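Notes for the one structure printed next.
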Amino acid sequence: QFEDFDFRELPIGVYMTSLDGQFIVANRIVRKMLELPLDGRLEASIIKYYANPADRESAIEQAIKLAEQGRNVDRGILHLIVGKKELHVEDYCRILQDDEGKVIGFVGCMVDITSDFESKLHERELQERVEELTFDIGRILHSNSTTLVMVMQSLQNAIQALGPSPFSDIA
């Protein structure tokens, strides 16, 4: 019953790359995500999509360390640039090794989280603004209450300097 299963139709992006980043296979989701041809052979490298190419090297180092511990990359966030738009994807991958244990590539899946990422970023910016406003309001209230206390003390001193109050028996 699984003989006719086609990974290319999965609802998440599935891919396989060589160690140097060349795509070996990618399903339609990955191809659409990276604006690659939807059919045929892939002549593309994941490296060209990284916003910062140095991130690829650190991701490979991390994946190799995890593989040495017998673990996979559970959730990495990749910052990619496709055309002129920024893309943030969750990447779950596994290292492919040859018989001698040498790393030869990666197989994994990508999920586009750009809208969630941007929402969280915007939420964080709004939270920072609220904290700044709260701090400023607190400073203003502190300044005003200090001024009012000083005015009240000055007025009491001025009243005492003028002499005894004729109304002290009424209170």
Side-chain angles (χ1 to χ4, degrees), residues 1-140:
Q1 73 196 37
F2 293 107
E3 297 126 17
D4 297 328
F5 180 74
D6 188 356
F7 83 96
R8 292 171 291 192
E9 299 306 319
L10 286 171
I12 58 171
V14 178
Y15 68 92
M16 182 185 298
T17 65
S18 62
L19 184 59
D20 66 357
Q22 281 299 122
F23 280 104
I24 298 167
V25 293
N27 70 352
R28 291 180 71 80
I29 303 294
V30 170
R31 289 175 183 241
K32 284 180 182 179
M33 214 183 292
L34 301 179
E35 297 178 357
L36 296 168
L38 297 181
D39 295 312
R41 191 169 168 186
L42 287 171
E43 297 293 332
S45 171
I46 186 69
I47 296 170
K48 86 171 204 171
Y49 295 102
Y50 273 81
N52 180 4
D55 290 347
R56 166 100 174 140
E57 295 305 316
S58 65
I60 289 174
E61 288 173 19
Q62 178 191 14
I64 290 172
K65 285 179 186 173
L66 288 171
E68 289 170 353
Q69 300 168 9
R71 297 169 47 206
N72 297 318
V73 177
D74 292 332
R75 180 180 183 259
I77 305 293
L78 304 181
H79 180 202
L80 307 175
I81 296 182
V82 179
K84 293 185 179 182
K85 72 177 183 180
E86 292 189 38
L87 193 67
H88 291 88
V89 297
E90 278 183 344
D91 183 42
Y92 303 83
C93 76
R94 181 171 178 232
I95 287 183
L96 298 173
Q97 298 172 317
D98 63 12
D99 294 336
E100 298 161 7
K102 182 181 171 193
V103 177
I104 57 172
F106 300 91
V107 63
C109 65
M110 289 186 206
V111 179
D112 185 354
I113 59 162
T114 303
S115 59
D116 291 343
F117 188 85
E118 289 172 351
S119 295
K120 287 180 183 176
L121 187 63
H122 185 65
E123 187 178 303
R124 194 175 319 135
E125 289 172 359
L126 289 176
Q127 182 63 35
E128 287 172 4
R129 285 184 184 170
V130 166
E131 288 172 6
E132 286 176 22
L133 284 173
T134 303
F135 180 75
D136 289 344
I137 289 169
R139 277 193 352 210
I140 290 168

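For the single chain, residues carry numbers from 1 onward in sequence order. For clarity, every value in this text was computed on a predicted model and none was experimentally measured. All heavy atoms count here, side chains included; hydrogens, waters and symmetry mates do not.
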Here the pair of heavy atoms bringing Tyr15 nearest to Cys93 is OH-CB, 3.5 Å
Rounded to the nearest 0.5 angstrom, the CG-CD1 distance for Leu96 and Ile104 is 5.5 Å
If every non-hydrogen atom of Leu36 is compared with every non-hydrogen atom of Ala44, which pair is closest and at what distance?
CD2-CB, 3.5 Å
Rounded to the nearest 0.5 Å, what's the gap from CE on Met33 to CD1 on Ile12? Could you check?
9.0 Å
When rounded to the nearest 0.5 angstrom, what is the spacing between CZ in Arg31 and CG in Leu38?
7.5 Å
Going through the checks in order, is the side-chain contact (heavy atoms from CB on, under 4.5 Å) test met by Leu19 and Lys102?
CA-CA 10 Å; Leu19 184 59; Lys102 182 181 171 193; 5.9 Å; no
What are the two closest heavy atoms between Ala26 and Leu42, and how far apart are they?
CB-CD1, 3.6 Å
Do the side chains of Ile29 and Asp112 get nearer than 4.5 Å, heavy atoms only?
no
For the OG1 atom of Thr17 and the CD1 atom of Ile24, what is their distance to the nearest 0.5 Å?
6.5 Å
Looking at side-chain heavy atoms only, is the closest gap between Glu90 and Ile77 below 4.5 Å?
yes
Table please: side-chain donor-acceptor pairs of residues 129-140 below 3.5 Å, with sequence neighbours left out.
{"unit_1": "Glu131", "atom_1": "OE2", "unit_2": "Gln127", "atom_2": "NE2", "d": "3.3"}
{"unit_1": "Thr134", "atom_1": "OG1", "unit_2": "Val130", "atom_2": "O", "d": "2.8"}

Answer yes or no: is there a side-chain heavy-atom contact under 4.5 Å between Ile95 and Phe106?
yes
Counting only N and O atoms by type, is there a donor-acceptor contact under 3.5 Å from the side chain of Asp55 to the main-chain atoms of Leu78?
no
Could you tell me whether the side chain of Leu34 reaches within less than 4.5 Å of the side chain of Ile46, counting heavy atoms only?
yes
Taking atom CZ of Arg94 as the centre, report whether more than 12 heavy atoms of other residues, nucleotides or ligands fall under 6.0 Å from it.
no
Show every ring pair (Phe, Tyr, Trp, His ring centres under 6.0 Å) that has at least one partner inside residues 30-82, sequence neighbours left out.
His79-His88
